[in-house]
Amino acid sequence: MLLFVGGPLDGRVQIRAARHGDPLPTVTHVHLHGGPKVVHRYDLQVVGEQAGIYHLRPPAQRLTREDRLAD
């Protein structure tokens with residue numbers, strides 16, 4: 001069983017059959033809504049032998065023009 005925490009998949013539960021192998025360490029969710037695409041990444045935290053929690057990865061810090069010029 002996999003639980004998603006945060007972002008657009010918050011609260012979603014996925015039951016994964018053992019025949020599919022181990023869950024991926026990172027899941028990418030792309031949301032298309034008529035505007036620019038929005039990408040969310042979830043990182044897996046294993047909890048026991050048969051459960052895991054995908055936590056929303058915080059957004060990456062983008063450097064501003066001023067930050068780049070200061071370096």
Side-chain angles (χ1 to χ4, degrees):
M1 179 175 81
L2 301 168
L3 171 66
F4 289 82
V5 176
L9 301 181
D10 190 38
R12 182 175 290 188
V13 175
Q14 179 183 0
I15 306 299
R16 184 178 173 89
R19 71 177 181 273
H20 295 299
D22 293 335
L24 298 172
T26 300
V27 172
T28 301
H29 176 263
V30 179
H31 181 70
L32 303 173
H33 54 83
K37 69 180 178 180
V38 179
V39 178
H40 294 92
R41 288 186 173 78
Y42 293 83
D43 296 313
L44 178 64
Q45 175 189 1
V46 177
V47 181
E49 291 183 26
Q50 297 184 2
I53 300 174
Y54 278 108
H55 292 276
L56 179 65
R57 182 184 296 176
Q61 292 288 354
R62 298 187 76 176
L63 293 177
T64 64
R65 183 172 185 268
E66 291 78 21
D67 292 336
R68 287 191 301 267
L69 291 175
D71 288 338

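Below, all heavy atoms of this structure are taken into account, side chains as well, without hydrogens, waters or symmetry copies.
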Would you please name every residue forming a side chain to side chain contact (heavy atoms under 4.5 Å, CB included) with R41, sequence neighbours left out?
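Partners of R41 under the side chain to side chain contact (heavy atoms under 4.5 Å, CB included) test: T26, T28, V39, R57.
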Is there a donor-acceptor pair under 3.5 Å between the side chain of Y54 and the backbone N or O of L9?
no
Is there a donor-acceptor pair closer than 3.5 Å between any side-chain N or O of R16 and the backbone N or O of A51?
no
Note, L2 side chain near L44 side chain (heavy atom, < 4.5 Å):
yes
Can you find a pair of side-chain heavy atoms, one from Q14 and one from F4, that are under 4.5 Å apart?
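A side-chain contact exists here, since the closest heavy-atom pair is under 4.5 Å.
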Following the transitive rule for hydrophobic clusters with a side-chain heavy-atom cut-off under 4.5 Å over Ile, Leu, Val, Met, Phe, Trp and Tyr, establish whether V46 and V5 coincide in one cluster.
no
Got a second to check how far Q45's CD is from H55's NE2, nearest 0.5 Å?
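It comes to 4.0 Å.
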Could you grab the distance from atom CG of D10 to atom CG of L3, nearest 0.5 Å is fine?
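One gets 8.0 Å once the value is rounded to the nearest 0.5 Å.
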If the plane angle is over 60° it's perpendicular, under 30° parallel, otherwise tilted; pick one for Y42 and H40.
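Y42 and H40: tilted rings.
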